Amino acid sequence: MHPINYEQLKADLRNLLKQSDQPMHVRDTIAASLEAIEDLERQLDDARDRLADRHT
């Protein structure tokens with residue numbers, strides 16, 4: 001399994017959002033996906049910080 005390149009995924013989603021030919025429901029789904037990825041990244045950062053605090 002290949003690691004997910006979240007920066008590329010977010011860039012691709014942002015590019016899709018800029019396309020005016022996307023129907024509103026598609027843009028809403030893209031925006032929600034982008035928000036979910038960013039939230040997961042924050043949670044992962046927080047978990048890494050907590051883990052690092054345990055080992056110090």
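Computed from a predicted structure; not experimentally measured.
- Interatomic distance, CG of Leu9 versus CD1 of Ile37, reported as 4.0 Å (0.5 Å rounding).
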For residues 10-20, tabulate all N or O donor-acceptor pairs below 3.5 Å that involve a side-chain atom, not counting sequence neighbours.
| residue | atom | partner | partner atom | Å |
| --- | --- | --- | --- | --- |
| Lys10 | NZ | Glu7 | OE2 | 3.2 |
| Lys10 | NZ | Glu41 | OE1 | 2.8 |
| Asp12 | OD1 | Gln8 | NE2 | 2.8 |
| Arg14 | NH2 | Glu38 | OE2 | 3.0 |
| Asn15 | ND2 | Ala11 | O | 3.4 |
| Gln19 | OE1 | Gln22 | NE2 | 3.1 |

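- Residues satisfying the side chain to side chain contact (heavy atoms under 4.5 Å, CB included) criterion with Pro3, sequence neighbours excluded, are absent altogether.
- Sequence neighbours left out, not one pair with a member in residues 26-36 passes salt bridge (charged side-chain N to carboxylate O under 4.0 Å, His left out).
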Considering only distance and modelled atom types, tabulate donor-acceptor pairs under 3.5 Å from the side chains of residues 43-55, sequence neighbours left out.
| residue | atom | partner | partner atom | Å |
| --- | --- | --- | --- | --- |
| Gln43 | NE2 | Asp39 | OD2 | 2.8 |

